[in-house]
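A short worksheet on the structure shown next.
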Amino acid sequence: MNQISSELKEKLESVNLNDVIPENSLDRQLYFIEKCKKEIAELKEKIGRPLYACVKTFGCQMNARDSEKLLGILMQIGYEPTESEEADFVIYNTCTVRENANTRVYGRLGHLHAIKKKNPHMIIALCGCMMQEPDVVETIRNSYKFVDIVFGTFNIFKLAELLDSRWNSEGQIIDIWEETKDIVEELPTERKFAFKSGVNIMYGCDNFCSYCIVPYVRGREKSRVPEEIVCEIERLVKDGVKEVMLLGQNVNSYGKGLAEPITFAQLLHKIEQIDGLERIRFMTPHPKDLSDELIDVMSKSTKICNHIHLPLQSGSDRLLKLMNRKYTKEHYLALVDRIRAKMPDVSLTTDIIVGFPGETEEDFEDTLDVVCKAKYDSAYTFIYSKRTGTVAANMEDQVDEAVVKERFNRLLETVNEVSHTIITRYTGTVQKALVEAVNDHDDTLVTGRLTSNILVHFEGGADLIGQIVDVRLDECKGFYYMGTRV
Ligand code: 5AD
Ligand code: SF4
């Protein structure tokens with residue numbers, strides 16, 4: 001779904017490549033998009049075949065949204081999209097939240113190099129969070145010279161300009177910014193789904209949880225103005241979108257730095273008024289500042305989904321303090337109670353880290369205790385990964401690997417038990433499901449998502465994709481349901 005407004009189309013058509021290169025960020029990028037488009041057209045003509053681009057996303061939904069922007073630019077330039085890395089342009093949009101994300105990228109680069117040796121037109125680019133780490137960039141500069149373009153999280157909108165620089169120079173192009181200087185939001189995007197979309201409401205994070213590298217790679221918190229967000233969602237709805245996911249590292253601090261401050265709950269209220277929009281999701285709120293105002297707006301809303309992702313990280317007060325999370329176990333559980341009092345049927349999910357430095361058996365048991373009491377629908381569980389530059393990286397007392405593994409398995413068992421009992425609560429009920437796709441394993445089935453974020457598979461065809469339909473949930477199969485359309 002290439003999303004390009006008529007206004008943008010007009011602007012692109014009026015670009016004159018004989019003019020001086022514009023200074024203004026948007027006009028400048030449109031200039032380079034047109035310039036690249038011309039070069040790609042000539043190349044396609046010369047080699048007599050289409051050119052393909054592959055965007056691989058690692059990490060979170062922020063990155064997934066950024067990838068749609070990258071693909072939007074590449075398609076505007078004239079590349080055809082492909083999932084295959086045997087392409088003419090391959091870009092890895094990287095994550096660095098845990099060490100294994102970095103290892104995976106290095107591992108795959110060797111494979112890309114082999115493909116590139118066979119294709120003289122191939123361009124390899126790396127961007128995203130991992131590129132904001134200086135030692136990573138040094139390694140790429142010294143040991144991965146075949147990588148053509150390296151950029152970070154703050155300048156993804158510059159892709160066309162960087163590609164043009166690469167074509168006009170011999171070596172690697174490296175362009176890493178330390179912070180947001182400019183944000184150009186108006187460029188074309190290529191949405192993965194016609195009926196749902198992520199929408200950035202803010203960038204960066206100021207929380208500095210002691211284990212987390214995100215504040216160092218995504219910079220300081222910066223909110224978009226509400227009018228711009230509402231306008232973007234209105235455009236998406238006109239284009240067929242029924243569900244939006246509002247994205248921010250901590251949505252509860254949305255609006256604080258704006259000239260006219262506004263709360264996240266107030267923003268939700270504005271978005272709720274958009275005609276034609278059917279579902280609103282958001283990711284991620286921090287338990288330390290989830291307000292009663294937000295709970296109130298959610299409980300009265302007909303569009304905000306019945307789901308809150310509320311990262312716990314640990315149930316131990318001692319570790320929560322060391323993690324700089326600014327809440328206690330008691331505070332977290334009281335918040336869960338306040339949420340359930342107003343939304344008894346709400347679906348809660350969470351993130352948990354096992355093996356934070358100094359974690360004792362007692363600390364870990366506190367985490368298990370919260371899992372049992374909070375009754376999560378599901379939990380993402382992570383083994384602590386030491387990230388250089390964070391406060392926790394210098395903490396002594398890293399936990400023995402075997403102990404961490406054993407705790408991790410115990411945590412999974414508890415999470416599975418708890419979630420299985422809680423998810424079955426819908427058995428036999430009829431719920432609304434937004435149909436997302438034909439089932440991967442059985443093409444007589446489609447997969448729909450409930451407002452609680454649980455998936456249901458039921459009989460149906462591709463014509464249902466993007467529709468919200470009533471489905472009876474016949475049988476719970478662990479994390480999903482089998483159902484029947486009614
Ligand atoms: N090690 C393990 N997990 C981490 N997360 C963030 N940083 C780390 C780390 N250093 C997890 C947190 C966060 C999720 C996105 O990733 O649980 O909520
Ligand atoms: Fe997303 Fe965090 Fe990974 Fe960056 S480091 S891609 S923000 S999960």
Side-chain angles (χ1 to χ4, degrees), residues 57-66 93-104 128-130 132-133 135-136 153 198 202-218 221 245 247-253 281-290 307-316 319-320 322-327 329 332 335 348-359 363-364 366-368 370-371 374 376 378-395 397-399 401 403-405 407-408 411-412 415 453:
T57 310
F58 299 79
C60 65
Q61 267 143 342
M62 287 268 179
N63 267 19
R65 181 65 181 148
D66 283 349
N93 188 5
T94 62
C95 171
T96 186
V97 81
R98 285 169 292 275
E99 181 67 32
N100 58 7
N102 291 33
T103 321
R104 267 174 71 205
C129 295
M130 188 176 156
Q132 292 295 140
E133 291 182 273
D135 59 324
V136 169
T153 55
M202 57 197 299
Y203 298 95
C205 178
D206 286 353
N207 289 323
F208 290 95
C209 301
S210 65
Y211 50 81
C212 188
I213 199 159
V214 170
Y216 304 91
V217 296
R218 288 262 176 193
E221 248 168 46
M245 164 79 86
L247 298 170
Q249 302 295 351
N250 174 16
V251 292
N252 297 336
S253 29
R281 298 185 184 278
F282 56 84
M283 192 88 143
T284 310
H286 193 306
K288 76 176 161 65
D289 50 7
L290 195 149
H307 170 218
I308 305 182
H309 185 69
L310 200 59
L312 168 69
Q313 314 301 3
S314 168
S316 147
L319 288 197
L320 285 168
L322 286 172
M323 287 176 163
N324 194 29
R325 291 290 289 173
K326 304 197 169 77
Y327 55 84
K329 175 181 173 185
Y332 185 96
L335 174 62
L348 290 181
T349 57
T350 199
D351 291 341
I352 297 170
I353 298 177
V354 179
F356 185 81
E359 183 188 71
D363 294 321
F364 177 66
D366 275 330
T367 301
L368 293 181
V370 178
V371 170
Y376 299 112
S378 66
Y380 296 92
T381 50
F382 305 105
I383 287 182
Y384 169 73
S385 168
K386 181 173 168 174
R387 309 308 292 126
T388 310
T390 61
V391 171
N394 297 324
M395 289 180 188
D397 221 0
Q398 305 278 334
V399 186
E401 213 174 297
V403 175
V404 177
K405 284 239 165 79
R407 284 184 193 155
F408 186 78
L411 175 63
L412 270 189
V415 164
N453 213 32

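In listed order, ligands and their atoms are each counted from 1.
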Can you list the atoms of ligand 1 that are under 4.0 Å from a heavy atom of [X]?
X      : value
Val97  : 6 (C), 7 (N), 8 (C), 9 (C), 10 (N)
Arg98  : 1 (N), 2 (C), 3 (N), 4 (C), 5 (N), 11 (C), 16 (O)
Gln313 : 12 (C), 13 (C), 17 (O), 18 (O)
Tyr384 : 1 (N), 2 (C)
Arg387 : 10 (N)

**Report entry** For Phe382, all residues meeting ring pair (Phe, Tyr, Trp, His ring centres under 6.0 Å), sequence neighbours excluded
**Finding:**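 Ring pair (Phe, Tyr, Trp, His ring centres under 6.0 Å) check on Phe382 returns nothing, list empty.
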Query raised in the report: Can you name the side chain to side chain donor-acceptor pair (under 3.5 Å) partners of Asp363, sequence neighbours left out?
Result: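 In terms of side chain to side chain donor-acceptor pair (under 3.5 Å), with neighbours along the sequence ignored, Asp363 is linked to Ser316, Arg318, Thr360.
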Query raised in the report: Would the number of heavy atoms belonging to other residues, nucleotides or ligands and lying under 6.0 Å from OH of Tyr380 be above 12?
Result: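 No, not enclosed.
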Query raised in the report: Does Ile383 approach ligand 1 within less than 4.0 angstrom via side chain, backbone, both or neither, non-hydrogen atoms only?
Result: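 It is the backbone that gets close, since no side chain atom is under 4.0 Å.
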Report task. May I ask you to identify, for Phe382, whether its side chain, its backbone, both or neither come under 4.0 Å of ligand 1 on a heavy-atom basis? Result ->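 Side chain only.
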Report task. Enter the distance from Gln398:CD to Tyr384:OH here, rounded to the nearest 0.5 Å. Result ->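 The CD atom of Gln398 sits 5.0 Å away from the OH atom of Tyr384.
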Query - Worked check of side chain to side chain donor-acceptor pair (under 3.5 Å) between Thr96 and Asn102 - result: CA-CA 6 Å; Thr96 186; Asn102 291 33; 3.0 Å; yes
Query raised in the report: Any ion pair linking Arg218 and Asp66 (charged N to carboxylate O, less than 4.0 Å)?
Result: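 The answer is yes: the pair qualifies as a salt bridge.
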